[in-house]
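Throughout, a chain's letter reflects where its sequence line sits, starting with A, and its residues are numbered from 1. Please read all numbers here as calculations on a predicted model, not as lab measurements.
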Amino acid sequence: MSLRVYNTLTQSKEEFVPLQAPHVGMYVCGPTVYSDSHIGHMVGPVIFDTVKRYLTFEGYQVTWVVNITDVDDKLIIQAAKNGTSIKVLAEAVTADYLRCLEALNVTGIDHMPRATEYINEILEITENLVERGLAYPSSGDVYFDVSSDADYGKLSHRDPEELQVGARIEPSALKKHPGDFALWKGSKPGEPAWESKFGPGRPGWHIECSAMSMRFLGPSFDIHGGGLDLVFPHHENELAQSESYHEKPFVKYWMHNGLLTKNGRKISKSDPDTVVLMKDLLVKFEPDIIRGLILSSHYRSPIDFGNSRLDEIGRGLKAFRNLFERFDRVSGLSFYSLAAPTRHGDFGTDGTPFLEQVAEHRRTFLDAMNDDFNTGAALAELYELVRTLNRFADQHPLEGPATGQFVPETLAKDQWILGVTVLRELTLILGLFEAPPASSSQSDDAFVGQLMELLLHLRAELRKAKNFGLSDEIRDRLTALNVVLEDRSGGQTNWKRG
RNA sequence: GGUGCCGUAGCCAAGUGGUAAGGCAGUGGUUUGCAAAACCAUUAUCCGGCGGUUCGAAUCCGCCCGGCACCUCCA
C-alpha cells in the first residue's frame, strides 16, 4: 500500500508523490513568541515530527522548517507590559518552546528561522508585488490586493465576496477591499521598525512564512502544515502572496491538524481558563504520555484534553514499559539501546508462526501509517504486538534461572528478541519510548540502588523463612513510597518507581 | 448568514459498502505464599434520530437533533 495524504486544498486523500523524490520539503507554522507554550502548541510539532519520521523511514530525505515569528503586534503589547523589549521577550519564549519540543522528543526540525532575520526577503516580495500592481501602499502600510488574485479563497474554500457578509473582517479605511491584508505595517514612534521604501515599519503577519519557506525550500515544496485554525486567513493569504509573487504552485499537500480542546472548548490564549502550560504539565506527566495522547487519535480530529485523560494514557503505556523491562531481563540488553531503523524492509520470518504474527502486526501498523498517518490505529496495533510478544514469552521459559540451555529455547529467545526489535523499530517511528522514563529506577543514584539491594536481600530471606507478614509489610510500605516490587518466579524481585 | 468538522460500549478511540480494532475502567479465570506483572475469557445484535439507495450500510443519499471550529488574534 502506498502513502495517501489528506489535502486541505483538494479536500481529499491523495497519493503522496513528492515534487523531487527522494527529497521532501515540509514547512510547519511555528509560534508567535509572546507567551509560553501551552499543550495546544505541541500538537503540530508532535504530529509533523511523526510525519517526518515515517517519511524518513520510507526512504525520503525530508527537510523540515518551522518558523519563529518574533515580531508582531502581540509581542509589542506584551513586551510593553513586561517593560522589556520584543527581542528579550521573544528569546525567553523561544527558549521555552525549544525546551518543550525537546521534552516531547521532537527532534526532526532542520531549520527554525526567525522572521526578523529575513526582513530583506520580506521587503523584496512586498516591493515586487507593489511594482506589479498586486499590492498597494496606503499611509505607510502596504496591503495585498485580494481582487488581483483570481483564485483567492481556493484553500479555505471561501468566496472573497462572502467575506463581507459576516462583517467581521477588520474594517479599515486604508484598504480597498475588506479582505485585503497587510504585507507591511507602518510603525508608530517607539515601535520596533525597519527602514523600507514605504517608510519605517515591520512585516505583516503572513509574509514571513512566504519569505522563509521560499528561502529554505524554494518557491514550490511538498507539505505545508499547521493547525486547522490557520487555514483562514493565514494560509490562504500566504498562498495568495506566494503564488502572486513567483507565479508557481506554492504547496502540493496542505495538511492541517485538529485542535486541542479542554472541556469542549478550544485551548486559546484569549480564553485563559483553557490554557494548560507545557512547563506545568511536564512536571506532572512523562513526556511520552503527552506525546501518546496526541498520537492516540487521528491528527485531523480534535482531542479533548484533561488530566484524567493523561492518567488513562499513562496506565496504557505502562504495558510497554513492563515489556521493555522484561526484554532487559531476558536478553541482558537494554531495550533503549536497540538501534533505530533508517529504512524499512521485510525481515525473514523463516516461516515460524510467531515471527509471521509479528510481521503481520508490522504490516498492519505500516498500512495504518500509509493511510494518512493514522497514528491511532497504528498505536493500537502496537498493543497487539505487545500482547503477542508477552504471550510468546509466557509460553517459553525465556526468563528465570538458566536450567540447561536446550537448543530449541535458545532459538525461541533469538526469535523473541527479534520480535522485540520490531517493536523498537515501530515505536521509534512514533517517536515514543526513545529513552527510559525519568522516574525509572535507572535514574536513581547508586546509593539508592544499594539501599534497595539491601532491603530486597533481607526481604528475600524473610520469604525463604516463610515470614510473609513482615515481607508483605516491607512491600506495602514501599508501595506507599511509590516503589513497586514484583516477585518473579525463581526468587528474583524487581523494583521500580510507580 | 457563509465554510468545514464531528456524534461508535461507562470513558477515549479505529473502522467510510460485506456483517463492530485497540486503550482505560469493570467482571470471571490461569499464574503467584499473597500481591504485582503477564496471559485467557467476558463487557455495543449494534454505530445520534427518521427515511431512502443496495442482495447487503456505522460506512452512500436526504431530512432532523446535538456538539465544535473558522469567517477577529490563535498551533
Side-chain angles (χ1 to χ4, degrees), chain A residues 8 11 28-32 34-35 37-48 66 72-74 153 156-159 161-171 179 205 225-234 236 256-261 264-271 292-293 296-298 300-304 306 308-309 311-319 321-323 325-326 364 368 371 374-384 386-387 389-395 399 463 466-469 471-472 475-476 479 484-489 493-496 498:
Chain A
T8 305
Q11 297 179 300
V28 176
C29 287
T32 299
Y34 72 102
S35 68
S37 295
H38 62 249
I39 172 101
H41 291 117
M42 293 297 114
V43 175
V46 165
I47 284 163
F48 290 101
V66 174
D72 181 87
D73 291 4
K74 295 188 292 295
S156 56
H157 308 98
R158 279 163 221 265
D159 178 350
E161 299 305 316
E162 296 281 355
L163 294 177
Q164 300 173 67
V165 176
R168 295 177 74 180
I169 302 282
E170 186 184 346
W205 174 32
L228 263 173
D229 53 348
L230 294 181
V231 176
F232 189 91
H234 183 56
E236 190 71 61
H256 291 99
N257 58 270
L259 304 175
L260 214 71
T261 59
R265 282 186 302 166
K266 181 176 141 186
I267 291 183
S268 163
K269 288 171 192 168
S270 52
D271 189 354
L293 171 70
S296 67
S297 66
H298 188 91
R300 278 186 287 116
S301 308
I303 305 170
D304 198 59
S308 61
R309 233 8 232 109
D311 286 333
E312 268 179 32
I313 298 279
R315 281 193 292 272
L317 295 185
K318 260 191 184 167
R321 297 289 189 191
N322 289 333
L323 178 79
E325 287 162 13
R326 188 173 199 176
T364 305
D371 184 13
N374 191 341
T375 53
L379 189 56
E381 195 60 25
L382 255 31
Y383 279 98
E384 301 270 20
V386 166
R387 176 177 297 136
L389 292 167
N390 272 319
R391 191 189 297 125
F392 187 81
D394 282 354
Q395 290 165 354
E399 292 188 67
R463 292 180 68 215
K466 308 273 187 217
N467 189 342
F468 295 122
S471 70
D472 287 355
R475 186 174 61 198
D476 291 344
T479 303
V484 180
L485 298 192
E486 296 180 1
D487 294 326
R488 304 281 152 207
S489 57
T493 297
N494 299 100
W495 72 276
K496 63 181 170 185

Discussion item. Could you tell me if the side chain of A/I267 sits less than 4.5 Å from the side chain of A/L259, heavy atoms only?
Written reply: no
Practice prompt. Choose from B/C73, B/A75, B/G23 the nucleotide whose nearest atom is closest to any side-chain atom of A/L260.
Written response: B/A75
Worksheet, complete the sentence: Nearest-nucleotide check on RNA chain B, A/S297 vs A/R387; residue mapping nearer the 5' end is A/S297
Practice prompt. From the options B/A14, B/A38, B/A36, select the nucleotide whose nearest atom is closest to the side chain of A/N390.
Written response: B/A38
Worksheet item: Choosing from B/C71, B/C39, B/A75, which nucleotide comes nearest the side chain of A/F232?
Response: B/C71
Item to complete: Looking at every strand, decide which applies to A/S156 at a 4.0 Å heavy-atom threshold: base, sugar-phosphate, or nothing.
Response: sugar-phosphate
Discussion item. Tell me whether the NZ or CZ atom of A/R463 lies within the 45° cone about the ring axis of A/F468 and under 6.0 Å from its centre.
Written reply: no
Item to complete: Choose from B/A75, B/C71, B/A35 the nucleotide whose nearest atom is closest to any side-chain atom of A/H41.
Response: B/A75
Worksheet item: For A/R475 and A/I313, take the nucleotide of RNA chain B holding the closest heavy atom to each; which residue's nucleotide lies nearer the 5' end?
Response: A/I313
Practice prompt. Considering only atom C1', compute the distance from B/G29 to B/C61 and round it to an integer number of Å.
Written response: 48 Å
Could you list all N or O pairs between the protein and nucleotides 6-11 of chain B that sit under 3.5 Å apart?
none

Worksheet item: What's the closest nucleotide to the A/E486 side chain, out of B/A14, B/A75, B/A37?
Response: B/A37
Worksheet item: Under 4.0 angstrom, heavy atoms only, what part of the nucleic acid is A/D487 near: base, sugar-phosphate, or nothing?
Response: base
Worksheet item: What's the closest nucleotide to the A/P233 side chain, out of B/A38, B/C73, B/C40?
Response: B/C73
Discussion item. Does any part of the side chain of A/N390, heavy atoms only, come nearer than 4.5 Å to the side chain of A/R326, both counted from C-beta?
Written reply: yes
Worksheet item: On a plain distance test, is the side chain of A/R315 in donor-acceptor contact with the base of B/G23 below 3.5 Å?
Response: no
Discussion item. From CD of A/E236 over to P of B/U3, roughly how many Å is that when rounded to an integer?
Written reply: 15 Å
Response to the item:
Ranking B/A21, B/A38, B/C73 by distance to the side chain of A/A319, first place goes to B/A38
Fill in: Interatomic distance where CZ belongs to A/R326 and C1' belongs to B/U31 [whole Å]
12 Å
Worksheet item: Checking A/E236 side chain against A/G153 main chain: does a donor-acceptor pair fall under 3.5 Å?
Response: yes
Worksheet entry | Counterpart residues, ring pair (Phe, Tyr, Trp, His ring centres under 6.0 Å), relative to A/Y34 (two or more places apart) | none
Discussion item. Under 4.0 Å, counting only non-hydrogen atoms across every strand here, what does A/G225 touch: a base, just sugar-phosphate, or nothing?
Written reply: nothing
Discussion item. What's A/G226 touching, base or sugar-phosphate or nothing? Going by heavy atoms closer than 4.0 Å.
Written reply: sugar-phosphate
Worksheet item: Rounded to the nearest 0.5 Å, how far does OG of A/S296 lie from CD1 of A/I313?
Response: 4.0 Å
Practice prompt. Could you check how far OH of A/Y383 sits from P of B/G22, rounded to whole Å?
Written response: 13 Å
Item to complete: State whether A/K266 places a side-chain N or O below 4.0 Å from either non-bridging phosphate oxygen (OP1 or OP2) of B/C70.
Response: yes
Discussion item. Under 3.5 Å, is there a donor on one side chain and an acceptor on the other for A/D487 and A/T493?
Written reply: yes
Item to complete: Any chance you could measure A/T375, atom OG1, to A/L382, atom CG, to the nearest 0.5 Å?
Response: 11.0 Å
Worksheet item: What is the distance, rounded to the nearest whole Å, between atom CD1 of A/I303 and atom C1' of B/A14?
Response: 14 Å
Practice prompt. Look at the side chain of A/L259 and decide which nucleotide, out of B/G15, B/C40, B/A69, has an atom nearest to it.
Written response: B/A69
Discussion item. Classify A/H38 by what it touches in the nucleic acid, base, sugar-phosphate, or nothing, heavy-atom distance under 4.0 Å.
Written reply: base
Discussion item. Please pick, from B/A35, B/A75, B/U3, the nucleotide with the shortest atom-to-atom distance to any side-chain atom of A/H157.
Written reply: B/U3
Discussion item. In this structure, how many angstroms lie between the P atom of B/G15 and the CG atom of A/D371, rounded?
Written reply: 7 Å
Practice prompt. Among the candidates B/G33, B/A75, B/C70, find the nucleotide nearest to the side-chain atoms of A/I267.
Written response: B/A75
Worksheet item: If we call it a pair only when both distances are under 3.5 Å in a Watson-Crick or G-U wobble match, what pairs with B/G51?
Response: B/C61
Worksheet item: Counting only distance, no hydrogens or angles, is the base of B/G33 paired donor-acceptor with the side chain of A/D472 under 3.5 Å?
Response: yes
